[in-house]
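Inspection log for the structure reproduced underneath, given as structure tokens.
Just so we're on the same page: letters track the sequence lines, and every chain starts at 1.
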Amino acid sequence: MQFQIGLTDTPFSLEYTLDSGQAFRWERKGEWWYGVVSGGVLKFRQEGDVLYCETSDEKLDSSFVRRYLGLETDMRHVLSSVMKDSVMTRAFQKFYGMRIMSQERWECLASFVLATNSNIPRIKRMVSSLSERYGPPLEYEGTTHHLFPTPAVLADASVSELEECGLGYRAAFIKRVAASVEEGRIDFSEVAMLDYERAREALLSRLFGEKLLLGVGPKVADCVLLFSCGMYEAFPVDVWVARALLTYYPSLLERRLLEKLSSHKPRLSAGDYYSLSSAARSYFGPYAGYAQQYLFMLSRAEGLK
DNA sequence: TAGCAGGAAAATC
DNA sequence: GATTTTCCTGCT
């Protein structure tokens with residue numbers, strides 16, 4: 001199936017969106033970006049104000065794509081809310097059109113569990129070898145693609161086999177998290193309906209179960225809420241965003257955090273994470289997550305240390 | 001709460 | 001080619 005989406009009335013950059021470290025299954029081949037999403041292969045090419053789309057699956061239609069790429073978000077609201085200072089102005093000018101996507105929730109959770117202590121190229125490799133090994137194959141244009149594996153399959157995989165996908169110590173985490181999802185301990189659609197604070201609590205443990213979820217801390221929870229549940233006030237803080245806050249927004253930080261972040265090897269405790277994240281959320285407001293993603297990109301582009 | 005380990009690849013020197 | 005860093009969390 002082929003179709004087009006007009007972008008005349010809304011800022012959008014395919015490249016900045018797919019390559020901003022939110023999603024890990026997109027690859028550029030020549031003019032086209034290829035990805036596997038929700039049971040099908042998707043293919044995108046942007047030419048100015050037109051987004052050309054092709055897909056193996058009828059269900060991945062234009063309304064699906066608009067939702068997936070975050071095109072339904074009214075950027076005028078985002079801009080008027082988040083444009084508070086010259087740093088934001090610079091970041092939005094530089095990466096104009098970058099959108100927060102709305103990804104499949106289980107895949108998003110799994111991807112960010114793998115992301116701990118890692119880097120983007122490696123995360124992509126882990127996700128793709130997991131998919132090749134455990135995901136159902138899908139032929140498209142003469143190439144075999146693989147869907148992202150289901151929780152059931154990963155829960156049944158052995159840790160040593162998972163390790164062979166280059167996961168290292170993350171293998172045990174992903175197995176446990178998959179099992180929790182499979183057992184219904186995390187009900188994503190229920191989480192997505194809660195308000196942000198409750199949703200984070202729920203993801204982080206207590207709601208449906210007794211046991212702590214291995215491998216899901218506040219940062220991973222924030223990524224899942226922002227990138228797959230449409231909670232734009234979530235403000236994940238990773239090393240790059242922490243550096244950006246330290247460099248551009250020192251006045252938002254308590255003295256204690258300033259000192260810690262300036263130290264040689266900053267290690268944030270859970271308490272530190274919450275104070276950082278909530279300081280940023282109250283400064284940037286309901287679309288803080290957008291501010292976060294632009295800061296992430298700016299921080300990397302400017303090579304902050 | 002602080003301190004540390006974890007595991008492999010990228011980035012950097 | 002060696003060292004440092006890497007979209008962090010769990011355990012003690």
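- Using a 4.0 Å heavy-atom criterion, one finds that A:V220 contacts the sugar-phosphate atoms exclusively.
- Among the heavy atoms of the strands lying under 4.0 Å from A:S20 is at least one base atom, whether or not backbone atoms are also near.
- A:Q293 comes within 4.0 angstrom of no nucleic acid atom, judged by non-hydrogen atoms across all strands.
- Side-chain contact, A:S189 with A:D187: a donor N or O sits under 3.5 Å from an acceptor N or O.
- Among the heavy atoms of the strands, none lies under 4.0 Å from A:Y273.
- Across all strands shown, A:L214 has heavy atoms under 4.0 Å from sugar-phosphate atoms exclusively, and none from any base.
- Taking only distance into account, the side chain of A:R122 never meets the base of B:dA10 through a donor-acceptor pair shorter than 3.5 Å.
- Positionally, the nearest nucleotide of DNA chain C for A:N119 lies more toward the 5' end than for the other of A:N119 and A:G215.
- Residue contacts shown for A:V216 are limited to sugar-phosphate atoms, with no base heavy atom under 4.0 Å away.
- The distance between atom CG of A:N117 and atom P of B:dA5, rounded to the nearest whole Å, is 13 Å.
- No side-chain donor-acceptor contact under 3.5 Å links A:E141 and A:T143.
- Separation of the P atoms belonging to C:dC8 and B:dA11 is 15 Å when rounded to the nearest angstrom.
- Here, B:dA8 and C:dT12 have their P atoms 22 Å apart, quoted to the whole Å.
- By the salt bridge (charged side-chain N to carboxylate O under 4.0 Å, His left out) test, A:D238 pairs with no residue at all, sequence neighbours left out.
- A donor-acceptor pair under 3.5 Å is formed between the side chain of A:S158 and the backbone N or O of A:E161.
- Heavy atoms of A:R267 sit under 4.0 angstrom from at least one base atom.
- Residue-to-nucleotide proximity on DNA chain B shows that, of A:P121 and A:E163, the 5′-proximal contact is made by A:E163.
- When heavy atoms are screened at a 4.0 angstrom cut-off, A:G166 is found touching no nucleic acid atom at all.
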